[in-house]
Amino acid sequence: MLSPQRVPMSGLPMSVTIWEVGPRDGLQNESTTVPVGVKLEFLDRLAAAGLGVVEATSFVHPRWVPQLADAEDLLARLAPAPGVRYPVLVPNDRGLDRALALGVREIAIFGSATETFAKRNLNRTIDESLAMFEPVVRRARAEGLRVRGYLSMCFGDPWEGEVPIPQVVSVARRLVGLGCDQLSLGDTVGVGTPGHVTALVRALSEAGVGPDRLAVHFHDTYGQALANTLAALQSGVTTVDSSAGGLGGCPYAKSATGNLATEDLVWQLHGLGIETGVDLAALVRTSLWMAQRLGRQSPSAVVRALAAEVVSP
Ligand code: MG
C-alpha cells in the first residue's frame, strides 16, 4: 500500500506547502559529507518528486558547517527546475553578497528565541544578532528577495529549559519588524507538545503575527512532530518544514531522531486529503538512495515501511 486512505478532517487547510530542508538542515547535521554531484542529484530528485520549495544550501562559514562548504559550486551548477524555489541560508552581510552574486532570489536568516542558544550558535546576544540581521534583511528586501526568519528554540532549550511564550513572541515580532516575510518556528530539541503549539500560534496571532506569516519546523526527537504538525494545521498554519528521509540527526541528543521526515509528513497530509503535489514513491526512492550514500538507514518510519514496495533506487 503506497498511499493512505483519504479521509478528510474538518478545520484543516486545503493545501500545504512543504518546505524541504534536507539538502541544508539535513545534510549540515550529518556526520558524512556528500560530494557536490550527489547534492545536485538530490536537489533534482526532490524537485522531480514534486517538492516546490527546496532549501538548497547555506552560506555559513565552512569552518562552522564544513558539510556545506561547496555552496558556491553547488548553486553555480544547479539547473533550477521550473517553478521550484531554492532558498538559501544567509548568516550575515558577507553571506548575502555571495548569495546575490549567484542570483539567489530567496534567503533565510537563523535567529534564536533564547539568549543561551544565540550565544552558542551565533556568538551574540539576541540584540546583537538582530543588529547583525537588520542590514541583511533590509538589503535583501531592497533587492526584491523573499526573506524567511528561522526562530529556533521556540518550545524548549537544552540549557535554559522551558522557554516562555511571551519571550518567543517578543523575538518573533522583532524579526517581522526587520522585514521577514515568514517566520519558521523551530522546535530545535523536539520537546514541544500540541497544546504548546496551539498556544504559541494563538499568542503570535494576538500580537499581530498571523498564521499566514508562519511556518513550523518540528523535530521528532520525542515522537511529537506529527501531532504538533496537526495542531499547527488546525491553528491555520499552511507551511510545514521537513527533511527527506528525516536527514539530519539531532545535534543536541546523539543517536536521536531530528528533523520530521518529509515522507512521514506526506503520509499524514495525503491521508487527511490535503494536497502536497508530492509523489511519495519517488520521494522514498530518493531517501533510500541518499541513505546508501550516507551509509546508514533512514530514520523515517514511512521510508522503512515502504522500502520493500518501491522499486530499488
Ligand atoms: Mg531542523
Side-chain angles (χ1 to χ4, degrees), residues 16-32 34 39 42 46 51 53-60 64-65 67-68 86-91 107-114 117-118 120-122 148-159 163 168 171-172 175 182-193 196-197 200 214-229 232 237 239-266 287 290 294 296 298-301 303:
V16 162
T17 298
I18 297 176
W19 188 292
E20 170 61 46
V21 298
R24 198 278 300 168
D25 185 22
L27 290 181
Q28 84 170 40
N29 288 305
E30 292 288 339
S31 52
T32 305
V34 299
K39 290 175 183 165
F42 189 36
L46 292 169
L51 289 156
V53 186
V54 184
E55 195 165 299
T57 187
S58 163
F59 281 114
V60 171
W64 310 119
V65 185
Q67 295 91 333
L68 303 182
Y86 297 93
V88 302
L89 190 74
V90 163
I107 64 162
I109 58 172
F110 197 87
S112 169
T114 67
F117 190 63
R120 285 183 172 256
N121 194 51
L122 302 165
R148 157 182 264 215
Y150 279 102
L151 191 52
S152 51
M153 302 299 177
C154 289
F155 298 89
D157 176 295
W159 301 282
V163 180
V168 180
V171 185
L175 282 172
Q182 183 183 65
L183 292 184
S184 174
L185 308 174
D187 186 4
T188 317
V189 274
V191 294
T193 48
H196 196 166
V197 174
L200 177 58
L214 300 177
V216 284
H217 185 111
F218 293 126
H219 283 193
D220 207 30
T221 320
Y222 290 76
Q224 305 300 305
L226 281 178
N228 289 342
T229 299
V237 175
T239 300
V240 180
D241 299 3
S242 63
S243 175
L247 279 179
C250 177
Y252 307 100
K254 278 218 157 52
S255 76
T257 305
N259 289 312
L260 168 63
T262 307
E263 289 86 348
D264 298 11
L265 172 64
V266 167
S287 290
M290 180 53 84
L294 294 170
R296 68 164 181 81
S298 164
S300 160
V303 169

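Note that the structure is predicted; figures quoted are calculated from it, not measured. When a ligand or atom number is given, it counts from 1 through the structure's own listing order.
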| message | Could you go through D241 and R24, starting from their C-alpha distance and side-chain angles, then the distance that decides it, and tell me whether this counts as salt bridge (charged side-chain N to carboxylate O under 4.0 Å, His left out)? | response | CA-CA 12 Å; D241 299 3; R24 198 278 300 168; over 6 Å; no
| request: Would you check if the Mg ion (ligand 1) lies under 2.8 Å from any N, O or S atom of D25? | output: yes
| Considering only heavy atoms from C-beta outward, does the side chain of L89 approach that of T57 to under 4.5 Å? | no
| task | Looking only at N, O or S atoms, find the one in H219 nearest to the Mg ion (ligand 1) and name it. | result | NE2
| said: Could you report the tightest heavy-atom contact between T188 and H219, atom names first, then the distance? | reply: O-ND1, 3.0 Å
| S287-E263 side chain donor-acceptor pair, cut-off 3.5 Å | yes
| query | Checking only N/O/S atoms, does N259 have one that is under 2.8 Å from the Mg ion (ligand 1)? | reply | yes
